[in-house]
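Notes follow the structure.
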Amino acid sequence: MERANRYIASKAKKTATNYCRVVVMQAMVDGVVFDWPCVVQFNWYLTDKRIDSDNWAFTQKFILDGMQAASVQGRKFLVNDNMVHVRGLHHDFYKTDGVARLEVIAV
């Protein structure tokens with residue numbers, strides 16, 4: 001998409017970021033809190049080992065931007081995704097026979 005048309009790529013990024021924002025807002029309502037600063041651990045459970053891990057890992061941009069955009073009752077989930085708050089990023093990949101999913105954990 002990003003090579004074909006920058007407007008299409010921009011819309012896809014906004015859509016992905018907004019999806020992550022909504023998921024994080026629901027997690028906040030459910031009581032999820034990260035103790036910033038921390039290392040963010042991404043546990044990827046994929047149904048196929050033939051998928052390139054870097055094709056999934058790049059989506060951390062949308063996830064972190066969604067965390068920044070998420071706010072419930074004036075309380076932000078993540079103030080900024082710079083090195084002051086996010087001390088590192090770690091990705092682990094697993095094969096699952098179930099549904100593909102992602103777990104994001106503060107370490």
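Numbers here simply count residues along the sequence, with the first being 1. Note that the structure is a prediction, hence the values are computed from the model and not measured.
Side chain of Lys76 to backbone of Gln68: a donor-acceptor contact under 3.5 angstrom is found. Here the side chain of Trp36 pairs a donor or acceptor atom with the backbone of Phe77 at under 3.5 angstrom. Distance alone, capped at 3.5 Å, is enough to place a donor-acceptor pair between the Asn82 side chain and the Val84 backbone.
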Let me see the working for Lys49 and Phe93 under side chain to side chain contact (heavy atoms under 4.5 Å, CB included), right down to the final yes or no.
CA-CA 9 Å; Lys49 283 190 172 183; Phe93 296 87; over 6 Å; no
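Remark: Thr96 OG1 to Leu46 CG distance equals 9.0 Å, nearest 0.5 Å. In this structure, CE in Met25 is found 12.0 Å from CG in Asp30, a value given to the nearest 0.5 Å. The line from NE2 of His85 to CE of Met67 is 13.5 Å long, rounded to the nearest 0.5 Å. Distance check: Met28 CE to Gln73 CD gives 9.0 Å after rounding to the nearest 0.5 Å. Atoms OG1 and NZ, from Thr17 and Lys61 in turn, are 7.5 Å apart once rounded to the nearest 0.5 Å.
Side-chain contact between Val40 and Ile63 is absent, with no heavy-atom pair separated by less than 4.5 Å. Counting heavy atoms from C-beta outward, Phe34 and Leu78 have side chains that stay 4.5 Å or more apart. Counting only heavy atoms from C-beta outward, the side chains of Val24 and Arg21 never approach each other to under 4.5 Å. Side-chain contact check for His90 versus Val107: every heavy-atom pair is 4.5 Å or farther apart. Side-chain contact between Phe42 and Thr59: absent, with no pair of heavy atoms (C-beta onward) separated by less than 4.5 Å. Annotation: side chain of Ile51 is not in contact with side chain of Trp44 (no heavy-atom distance under 4.5 Å).
Salt-bridge formation is detected for the pair Lys95/Asp97: a Lys NZ or Arg NE/NH1/NH2 atom is positioned less than 4.0 Å from an Asp or Glu carboxylate oxygen.
Two different hydrophobic clusters hold Phe62 and Leu89 under the rule that ILVMFWY side chains link at heavy-atom gaps under 4.5 Å. Criterion: ILVMFWY side-chain heavy atoms under 4.5 Å apart, direct or through other members. Under it, Val39 and Val79 are not part of a common hydrophobic cluster. Under the 4.5 Å side-chain heavy-atom criterion for ILVMFWY residues, no single connected hydrophobic cluster contains both Leu102 and Tyr19. Taking hydrophobic clusters as Ile, Leu, Val, Met, Phe, Trp and Tyr residues chained together by side-chain heavy-atom distances below 4.5 Å, Val22 does not share a cluster with Val72.
In terms of heavy-atom proximity, Gly66 sits nearest to Cys20 at CA-CB, 4.0 Å. Scanning both residues, His91 and Gln41, for their nearest heavy atoms gives C-NE2, 4.5 Å.
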